There are 2 protein chains.
Amino acid sequence: MSTDAVMLAAMAADAAQEPAKVSAVDRLVEQIRDLVRERALVIGDALPTERDLGELFQAGRNTVREALQILKAYGIVEVRPKIGAVLSDRHEDAVRKLFSFQNDISPASFLDVQGYRRIIETGVGDHLILHASAADLDHLDAVNDRILQNRSVDEAARGDFAFHEALVSLAGNRTLLASYRLLQPVITHIMRVGKAAKPVQIDTHQAHAQIINALRARDRVAYVYLLSRHLEFGLQFVGTEAAPGAQGS
Amino acid sequence: MSTDAVMLAAMAADAAQEPAKVSAVDRLVEQIRDLVRERALVIGDALPTERDLGELFQAGRNTVREALQILKAYGIVEVRPKIGAVLSDRHEDAVRKLFSFQNDISPASFLDVQGYRRIIETGVGDHLILHASAADLDHLDAVNDRILQNRSVDEAARGDFAFHEALVSLAGNRTLLASYRLLQPVITHIMRVGKAAKPVQIDTHQAHAQIINALRARDRVAYVYLLSRHLEFGLQFVGTEAAPGAQGS
DNA sequence: GTCTGCGATCTTGGTCCAACAAATAGGCAG
DNA sequence: CTGCCTATTTGTTGGACCAAGATCGCAGAC
């Protein structure tokens, strides 16, 4: 009978293109996702209880819990005591957290991040100079003005990031915005370091205003120059060594 | 090193912003990460067994397993039956998978991704025109020439992506490269669609060669034009509706 | 005596169950 | 309406069993 078992296993493996090594947990993850889809559940809706899920899919509660841990790590489920697992929209946060996990293992330098920002925001400028409407630029002004109300270093950093995020979002490209937001924790910390050394809300506000004016004037050269200078200004607080490429534009 | 230290502090601060309502599972995730750090374990090294971890950290084995499921979802651990949990370098894959999770492929996202690529690769070009060495450009040629050897559509898509990846990597910015690689599954899928409609290795190779020549000539206008045309060429197979912003530059 | 081959045993992850603690929604009494 | 109580649900633990690989030891061959 052991030969029969081997034969069956071989046939099963042959039938399914992917190895038949699907664990019950992985199967449950898929089944729960299918359940969400077929019931057309939306953010905020609750899944069945762990015990019900176990009975529904013929699995033990611990197995269900392990599957829920994975879904939780993916940010598509949030489990609240007594209520159960509810569908969450924390997916982006999960991606961000995972991304910073990586940087923990192999830390990228701040200079690298600033170089990245220069490329992104310069590229955005090329688009904005051609397509930004007056309302877009007024919106940038409004976001920028909010910086003046910030009190703490932390608030100022958030406000600063909000401006640059608004700038990037004006390009209207979701992928670009998502990748920029991925670096939010690193970018805001760069800002915190700079602002802790010397609180400069007014300077920041003015630098941003000049950038907006360059956009209004459709002056690409001025935009690139002002943006680069603005990014370099923050750099002076975090290190002195030469940038490893892509720093100069 | 100071920059690394600050970077780690940024990550830690960001991770610790949540209240002290840590569950035993979350605590275990941290403890296991600390264990890896303090024992200086490297990729391929094995963690203690689940039972040992439970005894070490005063936790039940099921709790340990739930923590391992999270680490597994993060791609920093791979658990091989009868061997144990070993440190894995699949983290980037996990990030990629998570990133393109639920961001299901739709024509709109195709256009979005191509717009993203235009911004990125144009920005890279600004840097390359000023700083690329002859060796860099020769390397691009070599990568490009490999496309001619590709047989299947899948190989051709991989080769195409390899060229653009090499282009981006020449900027020398790790953050930029990481974010570009994040979109690898989506980008290669776009390429597959285009190449399935009409196998065009030679056309692709020629378009790439022209782009390289523009870089050799330090001709920014030609580079942007050729690159845009090249990206638009792939677009014609994926949809017809107007791009929602950031498509024209 | 030493080496090899084979099987028993041990270890380890995979899954499940039972039990208890903690938290809380919802009902119930005042 | 308020405050308490209970039932339900998640959080956590320990234990049990299984399957499969790793290990060890024993017996037989050279």
Side-chain angles (χ1 to χ4, degrees), chain A residues 1-13 18-32 35 41 44-88 90, chain B residues 18-32 35-36 41 44-88 90:
Chain A
M1 60 170 178
S2 73
T3 56
D4 283 3
V6 173
M7 178 76 83
L8 288 177
M11 291 177 66
E18 47 186 79
K21 59 181 291 295
V22 281
S23 74
V25 175
D26 295 334
R27 177 174 52 85
L28 264 177
V29 170
E30 282 308 312
Q31 284 177 313
I32 293 175
L35 183 75
L41 300 180
D45 287 350
L47 269 60
T49 69
E50 294 174 352
R51 289 176 180 85
D52 288 345
L53 284 174
E55 188 188 358
L56 185 58
F57 296 129
Q58 295 297 311
R61 192 163 83 96
N62 286 101
T63 310
V64 173
R65 283 184 57 80
E66 289 183 20
L68 286 179
Q69 290 288 353
I70 293 178
L71 293 175
K72 211 162 57 175
Y74 284 0
I76 68 180
V77 137
E78 221 166 313
V79 57
R80 285 200 274 270
K82 174 63 182 175
I83 298 297
V86 301
L87 290 186
S88 162
R90 284 304 186 84
Chain B
E18 50 206 59
K21 54 188 291 292
V22 286
S23 72
V25 174
D26 295 334
R27 177 174 52 84
L28 264 177
V29 170
E30 283 307 311
Q31 284 178 313
I32 293 176
L35 183 75
V36 169
L41 300 180
D45 286 350
L47 269 60
T49 69
E50 294 176 352
R51 290 172 176 88
D52 287 344
L53 284 174
E55 189 189 356
L56 184 59
F57 296 129
Q58 295 297 309
R61 189 162 83 95
N62 284 310
T63 310
V64 173
R65 282 185 57 78
E66 290 184 19
L68 286 178
Q69 289 289 351
I70 293 178
L71 266 353
K72 210 163 59 175
Y74 284 180
I76 68 179
V77 139
E78 217 166 318
V79 48
R80 289 201 265 271
K82 328 320 159 201
I83 305 293
V86 302
L87 288 187
S88 162
R90 285 306 182 89

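Lettering follows sequence order; numbering is per chain, from 1. Keep in mind that this is a model prediction, so the values were computed, not measured.
- Looking only at side-chain heavy atoms (C-beta outward), A/L53 and A/E50 stay at 4.5 Å or farther from each other.
- Note on the helix from C/dG1-D/dC30 to C/dG30-D/dC1: angle between the axes of the first and last five pairs equals 10°, rounded to 10 degrees.
- The nucleotide range of DNA chain D contacted by chain B, defined by atoms under 4.0 angstrom from heavy atoms of the protein and reported 5' to 3', is D/dT12 to D/dA22.
- Residues B/A73 and A/A73 approach most closely at CB-CB, 4.1 Å, considering heavy atoms.
- For the atom pair B/L71 CG and B/L87 CG, the distance stands at 8.5 Å (nearest 0.5 Å).
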Polar pairs (N or O, both sides) under 3.5 Å between protein and nucleotides 14-17 of chain C?
unit_1, atom_1, unit_2, atom_2, d
C/dG14, OP2, B/R65, NH1, 2.7
C/dG14, OP2, B/R65, NH2, 3.4
C/dG14, N7, B/R61, NH2, 3.3
C/dG14, O6, B/R61, NH2, 2.7
C/dT15, OP1, A/A24, N, 2.4
C/dT15, O4, B/R61, NH2, 3.0
C/dC16, OP2, A/G60, N, 3.1
C/dC16, OP2, A/T63, OG1, 2.5
C/dC16, O5', A/G60, N, 3.4
C/dC16, N4, B/N62, OD1, 2.9
C/dC16, N4, B/N62, ND2, 3.4
C/dC17, N4, A/N62, OD1, 2.2

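- A 4.5 Å side-chain heavy-atom check between A/L35 and A/L56 finds at least one atom pair inside the cut-off.
- Remark: B/K72 NZ to B/R65 CZ distance equals 7.0 Å, nearest 0.5 Å.
- Counting only heavy atoms from C-beta outward, the side chains of B/F57 and B/I32 approach each other to under 4.5 Å.
- Taking OG1 of B/T49 as the start and CZ of B/R61 as the end, the distance is 8.5 Å to the nearest 0.5 Å.
- Summarising the geometry, atom CD belonging to A/E66 is positioned 9.0 Å from atom CG belonging to B/L68; distances are rounded to the nearest 0.5 Å.
- With hydrogens and angles ignored, the 3.5 Å screen pairs a side-chain donor or acceptor of B/Q58 with a backbone N or O of B/E55.
- Taken from CD in B/Q69 to OG1 in A/T63, the straight-line distance is 9.5 Å, to the nearest 0.5 Å.
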